Amino acid sequence: MAKVAIVFSSGHGHTRTIAEHVLKGILGVAGVAGELLEILPDQVREDGRWHDESIVASLNEADAIVFGAPTYMGSAHGLFKLFLEYGFTPWLGQQWKDKIAAGFTNSASRSGDKLIALEQMAVFAAQMSMVWVGVGDQPGGNFTESRYTDVNVNGSWLGLSAQSFGDGTPETAPHPGDRLTAERFGRRIARTTARWLIGADAYPPQRISEEESRRRNIAGADEWRRFDD
């Protein structure tokens, strides 16, 4: 069975609502399991570094990782960025190489410069040698009869961009269209992960640690050509 982990932070509960709807979409696909993993303040150590062994273990075992965080002041939630900094540890050995990746964010403003937070997640995934999946729906919100029930109402493709009015509760916000888009996004991620795994046995990840990469670079181009990775 394929496994998708949703790792996220949420300042006031609105982003958690999106995570729950992404999970709902994932669980609607046969043969795919999903799990919510929330980044919390008490996981930050006294030295200011994030670490949680159970979350790390789940992420290492997952076939796909969905990243989620609210956008604050034109950037991803600071708590979530502490989690991203932890990524240096699995990066050293390309431990997450060839896992499927995707991302979502939420803010009170319709724009809120949310693209920057999605770009942070996508660049992180690229540095981790993961395979990014974007939103697969055409845009809503761009015609005279548009409503907040439209799918992809904010017209975002790199990742899911949701809006929650500042005076809304997690029960009333994000918008209904964003919740539906989150479910559809979850299904897309689950289906993509399942398709990707069909060839996993024939084409497993070929991981090259930072140490090995440096060794080959010192040895020269001919050393790289000795390997088929």
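In what follows, residues are counted from 1 in the order of the sequence shown. For clarity, every value in this text was computed on a predicted model and none was experimentally measured.
- Using a 4.0 Å cut-off between a side-chain N of Lys or Arg and a carboxylate O of Asp or Glu, Asp137 and Arg184 qualify as a salt bridge.
- Considering all non-hydrogen atoms of both residues, Gln163 and Asp178 come closest at N-OD2, 2.9 Å.
- The CG atom of Leu158 sits 6.5 Å away from atom CD of Glu119, with the distance rounded to the nearest 0.5 Å.
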Practice item. Decide side-chain contact (heavy atoms from CB on, under 4.5 Å) for Ile55 and Ile39; before the verdict, give the C-alpha distance in whole Å, the side-chain angles of both, and the deciding distance to 0.1 Å. Key: CA-CA 9 Å; Ile55 290 180; Ile39 304 301; 4.2 Å; yes
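- Here the closest heavy-atom approach between residue Gly87 and residue Pro90 is recorded as O-CD, 3.2 Å.
- The shortest non-hydrogen separation linking Glu61 to Lys99 is C-NZ, 4.2 Å.
- Around atom CD of Glu223, more than 12 heavy atoms belonging to other residues, nucleotides or ligands sit under 6.0 Å away.
- Side-chain contact between Trp157 and Asn152 is present, with at least one heavy-atom pair separated by less than 4.5 Å.
- Of the possible polar contacts, none joining the Ser109 side chain to the Ser111 backbone as a donor-acceptor pair under 3.5 Å is found.
- Inter-residue side-chain proximity for Ile189 and Val4 is flagged as met; some heavy-atom pair is nearer than 4.5 Å.
- Rounded to the nearest 0.5 angstrom, Gln95 CD and Ser209 OG are separated by 12.0 Å.
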**Study point:** Evaluation steps, side-chain contact (heavy atoms from CB on, under 4.5 Å), between Arg49 and Val44
**Key:** CA-CA 6 Å; Arg49 298 288 185 177; Val44 179; over 6 Å; no
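- Contact detail for Glu38 and Gln43: the closest heavy-atom pair is O-NE2, 3.1 Å.
- Using a 4.5 Å heavy-atom cutoff, the side chains of Phe83 and Leu37 are not in contact.
- Counting heavy atoms of neighbouring residues, nucleotides and ligands inside a 6.0 Å radius, atom CZ of Arg110 exceeds 12 of them.
- No side-chain donor-acceptor contact under 3.5 Å links Asn154 and Ser156.
- Residues Phe185 and Val151 do not share a hydrophobic cluster, defined by chaining ILVMFWY side chains whose heavy atoms lie under 4.5 Å apart.
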**Study point:** Trp196 and Val133: CA distance, side-chain angles, deciding distance, side-chain contact (heavy atoms from CB on, under 4.5 Å) verdict
**Key:** CA-CA 11 Å; Trp196 184 251; Val133 176; over 6 Å; no
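- For the pair Asp63 (side chain) and Ala2 (backbone), a donor-acceptor distance under 3.5 Å is absent.
- For the pair Thr17 (side chain) and Gly13 (backbone), a donor-acceptor distance under 3.5 Å is present.
- The local environment of NZ in Lys97 is crowded, with over 12 non-hydrogen atoms from other residues, nucleotides or ligands closer than 6.0 Å.
- In this structure, the side chains of Tyr86 and Asp52 stay at 4.5 Å or more apart for every pair of heavy atoms.
- Ion pairing of Glu211 with Arg215 is absent here, as no side-chain N (NZ or NE/NH1/NH2) approaches a carboxylate O to less than 4.0 Å.
- Trp96 and Asn60 share a side-chain donor-acceptor pair at under 3.5 Å.
- Note that CG of Asn106 and CZ of Phe8 are 12.0 Å apart. Values are rounded to the nearest 0.5 Å.
- Atom CZ of Phe227 sits about 13.5 Å away from atom CZ of Arg225, to the nearest 0.5 Å.
- Taking 4.5 Å as the limit, every side-chain heavy atom of Ser10 sits out of range of all side-chain heavy atoms of Phe80.
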Tell me which donor-acceptor pairs under 3.5 Å the side chains of residues 67-79 have, and how far apart each pair is, sequence neighbours excluded?
residue, atom, partner, partner atom, Å
Thr71, OG1, Thr105, OG1, 2.7
Ser75, OG, Lys81, NZ, 2.8
Ser75, OG, Gln120, NE2, 3.2
His77, ND1, Ser9, OG, 2.8

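- Under a hydrophobic-cluster definition in which Ile, Leu, Val, Met, Phe, Trp and Tyr are linked whenever side-chain heavy atoms come within less than 4.5 Å, directly or via other members, Leu118 and Ile18 are assigned to different clusters.
- Asp47 and Arg45 are joined by a salt bridge, as a carboxylate oxygen and a charged side-chain nitrogen come within less than 4.0 angstrom of each other.
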Check your understanding: What's the verdict on side-chain contact (heavy atoms from CB on, under 4.5 Å) for Leu59 and Val7, showing C-alpha distance, side-chain angles and the deciding distance?
Key -> CA-CA 8 Å; Leu59 294 175; Val7 59; 4.1 Å; yes
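- Hydrophobic clustering, defined by side-chain heavy atoms of Ile, Leu, Val, Met, Phe, Trp and Tyr closer than 4.5 Å, leaves Met1 isolated from every other such residue.
- A donor-acceptor pair under 3.5 Å is formed between the side chain of Gln94 and the backbone N or O of Ile208.
- Rounded to the nearest 0.5 Å, atoms CZ (Arg179) and OG1 (Thr149) are 13.0 Å apart.
- Cluster membership check: Val131 does not share its hydrophobic cluster with Leu84, using side-chain heavy-atom separations under 4.5 Å among Ile, Leu, Val, Met, Phe, Trp and Tyr.
- Not one N or O on the side chain of Thr172 forms a donor-acceptor pair closer than 3.5 Å with the backbone of Gly168.
- Aromatic rings of Phe165 and Tyr148 (six-membered ring for Trp) have centroids within the 6.0 Å cut-off, being under it.
- Using a cutoff of 4.0 Å between basic side-chain nitrogens and carboxylate oxygens, Arg216 and Asp229 are scored as salt-bridged.
- Linking Ile, Leu, Val, Met, Phe, Trp and Tyr whenever their side-chain heavy atoms come within less than 4.5 Å leaves Leu40 and Val56 in two separate clusters.
- Residues Arg207 and Ser129 have side chains not in contact (no heavy-atom distance under 4.5 Å, counting atoms from C-beta outward).
- In terms of the ring-ring contact (aromatic ring centres under 6.0 Å, His included) criterion, residue partners of Trp91 (sequence neighbours excluded) are, by chain and number, Phe88.
- By the 6.0 Å contact criterion, OH on Tyr203 is open, its count of non-hydrogen atoms from other residues, nucleotides or ligands being 12 or less.
- Cluster membership check: Val135 shares its hydrophobic cluster with Ile26, using side-chain heavy-atom separations under 4.5 Å among Ile, Leu, Val, Met, Phe, Trp and Tyr.
- Taking OG1 from Thr89 and NE2 from His51, the interatomic distance works out to 8.0 Å, rounded to the nearest 0.5 Å.
- Closest heavy-atom contact between Thr193 and Ala64: OG1-CB, 3.3 Å.
- Phe104 and Met121 make their closest contact through O-CE, 3.3 Å (heavy atoms, listed as atom of the first residue, atom of the second, distance).
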